[in-house]
There are 2 protein chains.
Amino acid sequence: MRRQPERAPTRRTTLADVAAAAGVSRALASIVMRGAEGAGEVTRRRVLEVARELGYRPDSRARLLRSSRTRLLGVTFTLSEPFHGEVVESIYAAAEAAGFDVVLSAVGTHRPESRAVESLLDAGVEAALMISPSSAPHELAGYARQVPVVSLLSPTSAEGVDVVRSDDGAGVRAAVEHLVSLGHRNIVHIDGAGAVAADERTAAYRTAMQEYGLAADIRVLHGGAHEEDGLRAAGKLVAGSIPDAVVAFNDRCALGVLEAVRRAGLNVPEDLSVAGYDDSQLSRLSHVQLTSVSQDAPRLAAAAVACAAARLASEEPTGLVHQPQLVVRNTTGPAPARV
Amino acid sequence: MRRQPERAPTRRTTLADVAAAAGVSRALASIVMRGAEGAGEVTRRRVLEVARELGYRPDSRARLLRSSRTRLLGVTFTLSEPFHGEVVESIYAAAEAAGFDVVLSAVGTHRPESRAVESLLDAGVEAALMISPSSAPHELAGYARQVPVVSLLSPTSAEGVDVVRSDDGAGVRAAVEHLVSLGHRNIVHIDGAGAVAADERTAAYRTAMQEYGLAADIRVLHGGAHEEDGLRAAGKLVAGSIPDAVVAFNDRCALGVLEAVRRAGLNVPEDLSVAGYDDSQLSRLSHVQLTSVSQDAPRLAAAAVACAAARLASEEPTGLVHQPQLVVRNTTGPAPARV
DNA sequence: ATGAAAGCGCTAACAG
DNA sequence: CTGTTAGCGCTTTCAT
């Protein structure tokens with residue numbers, strides 16, 4: 001498999017090594033390495049040259065320990081949620097632009113959110129961005145007493161916690177509006193069944209329906225956040241009287257709905273329109289092309305980073321609530337002419 | 001939004017605080033906190049009590065900097081790959097059991113693998129587990145000169161790099177074997193088109209077909225690792241003479257194939273059987289139920305952690321290659337009776 | 001522009 | 001069993 005390696009007995013090069021080789025003090029070498037001002041041009045060049053030759057890499061532990069500002073942003077996210085991944089990816093970009101480093105901490109079956117955040121705090125992050133936090137308000141408040149905490153995506157808040165999210169109400173309204181404009185009236189909502197943000201979306205559905213004079217057509221089915229949930233809920237639906245359209249809690253749920261509809265031998269969008277929520281990669285797949293409400297991960301990520309930065313600078317954050325945008329694809333179309 | 005918080009001006013409690021409050025030396029408090037031996041029962045209790053009261057949490061930066069062994073395991077993974085997430089989740093479990101902490105470093109559009117690994121090294125990880133590494137062999141070898149490196153999933157290796165993976169050849173063979181036993185002969189392979197591990201799977205397909213005397217039926221289509229790729233490849237396929245079965249490079253590709261087949265008005269598995277690879281959550285979805293080759297994330301993760309641990313203990317790692325298992329679900333069935 | 005000295009919070013020898 | 005003494009590798013005053 002692998003030949004016996006001569007595990008380098010060579011200690012990692014330290015700043016002291018570089019300083020010695022360049023004939024300067026450690027302090028000066030430090031200045032050069034972190035690009036601070038206060039070093040002569042020639043010295044700077046020489047030190048950098050030596051550092052490169054020696055393959056010097058600053059030890060982040062030591063650097064973090066010593067410096068007052070770690071410029072570290074902690075992020076908690078759920079591994080099994082594709083959309084979280086999209087947000088995390090955008091956070092990397094936004095953080096880099098703002099001069100922060102990112103520390104990831106995953107939430108999973110074997111790892112409760114509490115442990116995830118605590119490890120971030122122990123690592124010395126200056127602020128924590130929590131994607132769809134599931135902790136209780138008093139726990140969140142506890143974290144927020146230690147560092148600025150930003151809750152992303154979910155409306156969950158607590159004392160001292162900033163919330164960056166898109167206006168779910170507006171998103172659902174946009175979906176309903178779109179369907180109504182296509183002539184649909186009998187629009188069913190399959191809810192998130194207790195999932196984070198589910199209540200707000202359901203409420204928005206009700207309000208929108210009422211505003212369009214469709215109060216009598218309001219119908220909410222118990223769904224959930226996953227494909228199975230949508231499949232189950234829609235399975236019942238198509239067994240009865242078929243509606244014009246379905247607004248699902250999220251994309252994964254909508255995918256389940258699509259499947260149920262298909263199995264019933266119906267066509268989308270000819271017989272039934274379906275809208276999702278998240279504009280996730282799933283929805284964009286060429287064979288899916290799901291009409292969905294976009295939460296715009298890059299913008300949310302940028303807003304979250306900006307929010308944390310503002311708090312750290314003792315400023316008031318702005319732009320916390322974003323207007324989601326409906327992305328119309330192929331799963332919604334004109335209402336069928338019913339009898 | 002958020003009421004003006006009184007951002008705790010209270011410095012985080014340090015070990016010195018605990019020691020002082022408990023009336024012992026820092027060293028002794030340290031012994032107690034890390035559960036080392038060499039402290040009296042009464043003292044131990046008192047220190048722990050005080051620590052709890054003060055809400056003390058060890059600063060991982062300081063601890064890491066000072067201690068010879070960080071017991072840190074670094075992991076690089078790709079955010080947009082669901083299967084990577086499954087493996088990472090299992091790594092957390094395995095690492096904890098082995099007494100290691102995990103540091104995550106994501107690879108993404110804005111973050112090349114080189115940066116991901118380097119940040120791990122800077123953080124002081126004792127070993128790096130790289131999931132489907134994409135770095136060139138000489139780069140991998142470079143990392144391996146600094147810490148033990150384990151390449152997970154992909155057969156990519158390099159001087160000094162251990163590879164933990166499942167035997168892809170055996171996996172593909174199992175899929176072909178299964179299909180042959182169902183009476184299929186005209187079995188097409190849609191390949192990974194240059195994706196990591198693609199060549200090995202394709203080679204195994206060819207070998208297996210030959211062994212079953214189906215050399216004449218060998219047919220490899222240019223596919224890829226994503227849904228789109230499978231859709232495109234299978235689209236061409238169904239436009240021509242339809243085969244008995246398809247063995248796709250992975251689950252995502254297989255999903256695309258399923259869609260193309262569906263669009264052509266064919267039924268799975270009645271008209272055509274489809275097998276994937278990964279046994280990912282996608283394949284397990286109730287509306288998919290894809291027959292797939294399981295790479296068994298938990299076992300691979302455990303093996304990778306064990307491998308790293310062995311290297312750190314200067315032992316030879318074992319159990320690097322795993323036998324994958326075919327999970328038969330609903331997308332494969334008896335061969336259709338063709339004319 | 002450069003260097004000397006101090007110390008971040010902790011662990012690891014050693015001495016008592 | 002407990003305390004003392006040194007640092008880990010780096011940044012940060014504060015002199016020069």
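Note that these values count all heavy atoms, side chains included, but never hydrogens, waters or copies made by symmetry. Chain identifiers are assigned alphabetically (A, B, ...) following the order of the sequence lines, protein sequences preceding nucleic acid strands; residue numbering begins at 1 within each chain.
- Rounded to an integer number of Å, the gap from A:R26 CZ to C:dA6 P is 12 Å.
- Atom CG in B:L15 sits about 14 Å away from atom C1' in D:dG3, given to the nearest Å.
- Under a 3.5 Å cut-off, the side chain of B:S154 and the backbone N or O of B:S132 do not form any donor-acceptor pair.
- Note on A:R61: nothing from the nucleic acid sits closer than 4.0 angstrom, heavy atoms only.
- The separation between B:R44 atom CZ and D:dC1 atom P is 9 Å, rounded to whole Å.
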**Message:** Under the criterion side chain to side chain contact (heavy atoms under 4.5 Å, CB included), I'd like the reasoning laid out for A:I131 against A:V88: C-alpha separation, chi angles, the key distance, then a yes or no.
**Reply:** CA-CA 9 Å; A:I131 305 183; A:V88 170; 3.7 Å; yes
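- Comparing D:dG9, D:dT11, C:dG9 by their closest approach to the side chain of B:D59 singles out C:dG9.
- Residue-level contact check: A:A39 touches the backbone only, with heavy atoms under 4.0 Å from sugar-phosphate atoms and none from bases.
- Contact annotation for A:L28: backbone-only contact, meaning every heavy-atom pair under 4.0 Å involves sugar-phosphate atoms and none involves a base.
- Under a 3.5 Å cut-off, the side chain of B:R61 and the backbone N or O of A:R61 do not form any donor-acceptor pair.
- Rounded to an integer number of Å, the gap from A:R34 CZ to D:dC10 C1' is 9 Å.
- Look at CZ on B:R69: it is 15 Å from C1' on C:dT11, rounded to the nearest Å.
- Put simply, B:S25 has a side-chain N or O that comes within less than 4.0 Å of OP1 or OP2 on D:dG3.
- Here the nucleotide nearest the side chain of A:T14, chosen from D:dG3, C:dT2, D:dC10, is D:dC10.
- Scanning all heavy atoms of the two residues, the minimum distance from B:D122 to A:R57 falls at OD2-NH1, 2.7 Å.
- Remark: B:T109 OG1 to B:L79 CG distance equals 8.5 Å, nearest 0.5 Å.
- Along DNA chain D, the nucleotide nearest to A:T13 and the one nearest to B:G40 differ in position, and the one closer to the 5' end is contacted by B:G40.
- Atom CG in A:L65 sits about 12 Å away from atom P in D:dC10, given to the nearest Å.
- Mapping B:R66 and B:I31 onto DNA chain D via the closest heavy atom, the residue that lands nearer the 5' end is B:I31.
- Look at CZ on B:R46: it is 15 Å from P on D:dC1, rounded to the nearest Å.
- Rounded to whole Å, atom P of C:dA1 lies 15 Å from atom CZ of A:R45.
- Residue contacts for A:S67: at a heavy-atom cut-off of 4.0 Å it reaches the sugar-phosphate backbone alone, with no base atom in range.
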